[in-house]
Amino acid sequence: MINYKESIAKTLAANIDVLSYEEILTLVEHPKNTEMGDYAFPCFKLAKAFKKAPNVIAEELVLKVNNNELFSKVEAIAGFLNFTVNAEHFAKNIIEEVLSLGSKYGASDIGANKKTIVEYSSVNIAKPFHMGHIRSTMIGESLHRIYKFLGYDTVAINHLGDYGTQFGKLIVAYKLWGDKDTIDANPIPELLKIYVKFHQEAETNPSLEDEARAWFTKLENGDEEAVALWTLFKDMSLKVFNRVYGKLGVTFDSYAGESFYSDKMPAIVKELRDKNIVEKSDGAEIVNLEPYGLTPALVTKKDGSSLYLTRDLAAAKYRKDHYNFDKNIYVVGSAQKLHFQQWIKIVELMGYDWYKDCIHVDFGMVALEDGALSTRKGNVAFLEDVLDKAVEQTLLIINEKNPDLENKETVARQIGIGAVVFQELYTSRTKDYSFSLEKTLSFEGETGPYVQYTHARACSVLRKVEVGSTVKPDFSALTDEASKSVVRTLSKFGEIVNLAHKNYEPHTIARYAIELAQGFNRFYHDNPILVEDENVRAARVALVQATEIVLKNALYLVCLEAPEKM
RNA sequence: GCACUCGUAGCUCAGUGGAUAGAGCAAUCGCCUCCUAAGCGAUAGGUCGGAAGUUCAAGUCUUCUCGGGUGCGCCA
């Protein structure tokens, strides 16, 4: 297997003293315009050291590296050293590598013996699992898969919102107006209904609030009835959540949420006091973070009870002790950026150097732009409803386009949900994002179904050829621009996965999947695959096979299934 | 008020300081006797919010400014 980029860097390093091999490697890039070549090395940084103009340096370097058999052409243009690969060798090398590595193509072992925690989704018990939760859930699941793909030992944690005074309110509401059978049949909306009713009633009857606080205290003290009701709410909610996670293909290793850490708070508060990090302020305890440009962080309330931030401190400490993570990732909205800056700074002040391994992977808000999704019909913004609607819509499309397809329901599920998930992971994390059902349900262009369709097309071709053929592929048949473009894209997959990993950005991979699909569809359109000449056919089939593999790998990393027919 | 964040084509968005700023959708016009038309091609569409600065090179970095979003002690 030949790594073209490394090969270029090696050759250049032998001819350039002022830069190391590693520095050169990071400078090697892909020209914007493929007519200029497949790889490029900008010579501008050398200008000062060499005391020469970049274009002169490039021209001199050409003479020194021009005898490399991997490249059909090396030329100097405007200060760039442009490398054009020998297309036939390139196709042979890349395709053979993809075919031999299969589902491991693009993976690596950079994460070997390293433990990464990814916390994501973190929904609230007894509250709706709505469209706003999909970002954390899918970005987290995708990162989880990327880390595993790169050899990390990963732990996926769903930090459930399963504690706090709202459970006191819920218990009061349930005892007043709840009906077990009604709620069991439709847990989340019914629990929400009585929760909302509680707030309405409490406006005219404030004693309900006191009652709620009392019930939460009972819950904390292990009161049998309170714990039983809390467990009931939690079980019913988890049943619904797990149904949704199942549809999305999302899995967790731990559901340790707020309640799990409730008994670990006193120790962390004591530690903060012992280390003289906290100070009194208006009866509460705060950490003054002004020297670090942050607002004060509240650690305990006036009544001595703990807060969200205290819980995250306790949770982080527990995770370090229990998992001994190398990296501790939180996929939580950017609205909580300050909160994370605060507690991670406090971890540093506590003297733990693993504060720098705690990373807040933030993301923009989801807004529901489509009127049909807004509050008018209340339940429509439920994530599960959106997923079901997408599946339903997909089934209609299948009946129209491919009525004889077997397993229609399964395929409709894979594509409909894929459409929703893909769209979610297609834009960069940090931007606010407006969800449009209409856009999600159009399956043309830059969409999940487009990539899946391309994959199914490739599978369809592969079904028509003899497997395990011993015919020698004629890779010179893959030197036209469309074929070469597919090979070039295939070659970049590893870099793309590393980039997504480095930036905690799944959308890099989603974009890549589109690029590969577009290239393949052009190739498919321009080149007949099942041709008479068996050597040409073998080469084209090999390219189809390689594309199928990489599309499937990429789809997996962005949490989409890859149906073989659709 | 202070902090963070976003501003690129009519719309939705790409664009690790590098070459002529790119896609998709929508619009207009083409391509199924041929491997899945959920596809392919073409046309049109831009003072990268604005101003100054750093640099050989700025959509990208810095400062200022305008506009949207988010956050800022007893919720989580």
Side-chain angles (χ1 to χ4, degrees), chain A residues 26-27 29 31-33 36 40 42-45 47-48 53-54 77-80 82 122 124 161 163-166 258 281-286 293-309 311-312 333-339 341-342 362 364-365 367 369 394 397-398 400-402 405 415 419 423 426-428 430-434 436 439 442-454 456-465 495 499 502-503 505 507-508 511 514-515 517-518 520-531 540-541 544 565-566:
Chain A
T26 60
L27 286 173
E29 58 185 37
K32 214 173 242 180
N33 188 337
M36 296 189 280
C43 301
F44 307 95
K45 287 216 162 64
K48 255 179 202 159
I77 301 172
F80 286 90
N82 289 341
S122 305
N124 293 319
Y163 220 56
T165 42
Q166 74 264 28
E258 289 163 11
S281 172
D282 294 335
E285 281 173 295
I286 63 159
L294 298 169
T295 48
L298 204 59
V299 171
T300 61
K301 301 187 210 172
K302 228 185 304 203
D303 65 5
S305 60
S306 61
L307 284 140
Y308 179 43
L309 187 140
R311 235 159 273 163
D312 265 340
S334 48
Q336 295 191 47
K337 193 161 184 165
L338 177 62
H339 165 76
Q341 286 177 329
Q342 287 178 322
D362 64 335
M365 307 253 309
E369 201 185 42
T394 308
I397 294 174
I398 290 173
E400 178 196 319
K401 295 190 189 263
N402 196 356
L405 183 69
I415 296 169
Q423 211 202 3
Y426 196 58
T427 53
S428 57
T430 50
K431 285 189 184 177
D432 287 350
Y433 160 74
S434 58
S436 147
K439 198 186 165 196
S442 79
F443 296 167
E444 287 163 23
E446 299 170 341
T447 64
Y450 171 83
V451 181
Q452 291 171 315
Y453 173 79
T454 308
R457 246 184 168 183
C459 288
S460 174
V461 173
L462 296 175
R463 273 194 299 274
K464 293 185 166 62
V465 296
E495 290 173 36
L499 197 60
K502 182 181 145 209
N503 298 332
E505 267 290 20
H507 97 293
T508 314
R511 297 266 161 191
I514 290 289
E515 185 189 334
Q518 284 174 334
F520 178 80
N521 281 323
R522 211 172 308 126
F523 158 80
Y524 180 94
H525 182 263
D526 293 355
N527 302 71
I529 297 158
L530 305 175
V531 290
R540 292 193 177 140
V541 166
V544 175
K565 292 181 185 174
M566 63 184 270

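So that the names make sense, note that chain A is the first sequence line, chain B the second, and so on, each numbered from 1.
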Closest approach to the side chain of [X], judged atom by atom: which nucleotide of [options] is it?
X        : options             : value
A:Val461 : B:G18, B:C35, B:C13 : B:C35
A:Arg457 : B:C75, B:G39, B:G73 : B:G39
A:Met365 : B:A76, B:G71, B:U70 : B:U70
A:Tyr450 : B:A38, B:G39, B:G15 : B:G39
A:Ala335 : B:A23, B:G71, B:U36 : B:G71
A:Arg522 : B:G73, B:A23, B:G41 : B:G41
A:Leu530 : B:C74, B:C40, B:C35 : B:C35
A:Tyr433 : B:C25, B:A76, B:C13 : B:C13

[atom1] of [X] versus [atom2] of [N]: gap in Å, rounded?
X        : N     : atom1 : atom2 : value
A:Glu515 : B:A14 : CD    : C1'   : 11 Å
A:Leu298 : B:G71 : CG    : P     : 18 Å
A:Lys439 : B:A38 : NZ    : C1'   : 17 Å
A:Asp432 : B:G71 : CG    : P     : 11 Å
A:His525 : B:C40 : NE2   : C1'   : 4 Å
A:Asn33  : B:G18 : CG    : C1'   : 14 Å
A:Tyr453 : B:C35 : OH    : P     : 11 Å
A:Lys32  : B:A23 : NZ    : C1'   : 14 Å

When we call it a touch if two heavy atoms are under 4.0 Å apart, what does [X] touch: a base, just sugar-phosphate, or nothing?
X        : result
A:Lys401 : base
A:Thr295 : sugar-phosphate
A:Pro528 : base
A:Asp282 : base
A:His339 : nothing
A:Leu307 : sugar-phosphate
A:Asp312 : nothing
A:Ala47  : nothing
A:Ser281 : base
A:Ala40  : base
A:Pro31  : base
A:Lys502 : nothing
A:Leu405 : nothing

Among residues at least two apart in sequence or on other chains, which ones pass ring pair (Phe, Tyr, Trp, His ring centres under 6.0 Å) with A:Phe44?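 By the ring pair (Phe, Tyr, Trp, His ring centres under 6.0 Å) rule, A:Phe44 matches A:Phe80.
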Atom [atom1], compared across [N] and [M]: separation rounded to whole Å:
N     : M     : atom1 : value
B:G59 : B:U16 : P     : 13 Å
B:C40 : B:C35 : C1'   : 15 Å
B:U70 : B:U36 : P     : 49 Å
B:G24 : B:A42 : P     : 10 Å
B:C11 : B:G18 : P     : 27 Å
B:C48 : B:G7  : C1'   : 10 Å
B:U60 : B:C6  : C1'   : 15 Å
B:U8  : B:G15 : C1'   : 9 Å

Rounded to the nearest 0.5 Å, what separation is found between the CZ atom of A:Arg511 and the OG atom of A:Ser428?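 Between A:Arg511 CZ and A:Ser428 OG, I get 8.0 Å after rounding to 0.5 Å.
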What distance do A:Ser306 atom OG and A:Glu285 atom CD have between them, rounded to the nearest 0.5 Å?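 Rounded to the nearest 0.5 Å, the OG-CD separation comes out at 11.0 Å.
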Residue-phosphate contact under 4.0 Å: A:Lys337 side-chain N/O, B:C72 OP1/OP2: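 It does not, given that no N or O in the side chain of A:Lys337 lies less than 4.0 Å from OP1 or OP2 of B:C72.
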Under 4.0 angstrom between A:Lys431 side-chain N/O and B:G69 OP1 or OP2: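 No, A:Lys431 has no side-chain N/O under 4.0 Å of OP1/OP2 on B:G69.
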Looking at A:Leu530, A:Ile529, A:Val541, which hits side chain to side chain contact (heavy atoms under 4.5 Å, CB included) with A:Lys464?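 It is A:Leu530, the one option of A:Leu530, A:Ile529, A:Val541 that forms the side chain to side chain contact (heavy atoms under 4.5 Å, CB included) with A:Lys464.
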Minimum heavy-atom separation for [X] to [Y], with atom names?
X        : Y        : value
A:Asp432 : A:Gly364 : OD1-CA, 3.4 Å
A:Asp282 : A:Lys302 : O-CG, 3.7 Å
A:Thr447 : A:Ser442 : CG2-O, 3.4 Å
A:Met36  : A:Pro31  : CB-CB, 4.3 Å
A:Thr454 : A:Ala517 : OG1-CB, 3.6 Å

A:Tyr524 on top of B:G39's base, within under 5.5 Å and under 30°?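 The base of B:G39 is not stacked with A:Tyr524 (the test needs centres under 5.5 Å and planes under 30°).
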Is there aromatic stacking of A:Phe80 on B:A19 here, judged by a ring-centre distance under 5.5 Å and a plane angle under 30°?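 The ring of A:Phe80 is stacked on B:A19.
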Closest-nucleotide 5' rank along RNA chain B - winner of A:Lys464 and A:Gln166: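 Its nucleotide being nearer the 5' end, the pick is A:Lys464.
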Let me spell it out: for each of A:Ser442 and A:Gln341, pick the nucleotide of RNA chain B with the closest heavy atom. Which residue's pick is nearer the 5' end?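 Its nearest nucleotide being more 5', the pick is A:Gln341.
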Which way is the base of B:C64 turned, syn or anti, if we draw the line at 90° from 0?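 Base orientation relative to the sugar is anti.
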For B:G73, does the glycosidic angle fall within 90° of 0 (syn) or outside that (anti)?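 Glycosidic conformation of B:G73: syn.
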Counter-base of [N], judged by Watson-Crick or G-U geometry with both distances under 3.5 Å:
N     : value
B:U60 : none
B:G45 : none
B:G1  : B:C72
B:G67 : B:C6
B:G22 : B:C13
B:G39 : B:C31

Given side chains that start at C-beta, do those of A:Ile514 and A:Gln518 come closer than 4.5 Å, heavy atoms only?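 Side chain of A:Ile514 against side chain of A:Gln518, heavy atoms only: contact under 4.5 Å found.
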For a quick check, tell me whether the side chain of A:Asn82 and the base of B:A19 share a donor-acceptor pair closer than 3.5 Å.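 Looking at the base of B:A19, it does pair with a donor or acceptor on the side chain of A:Asn82 (distance under 3.5 Å).
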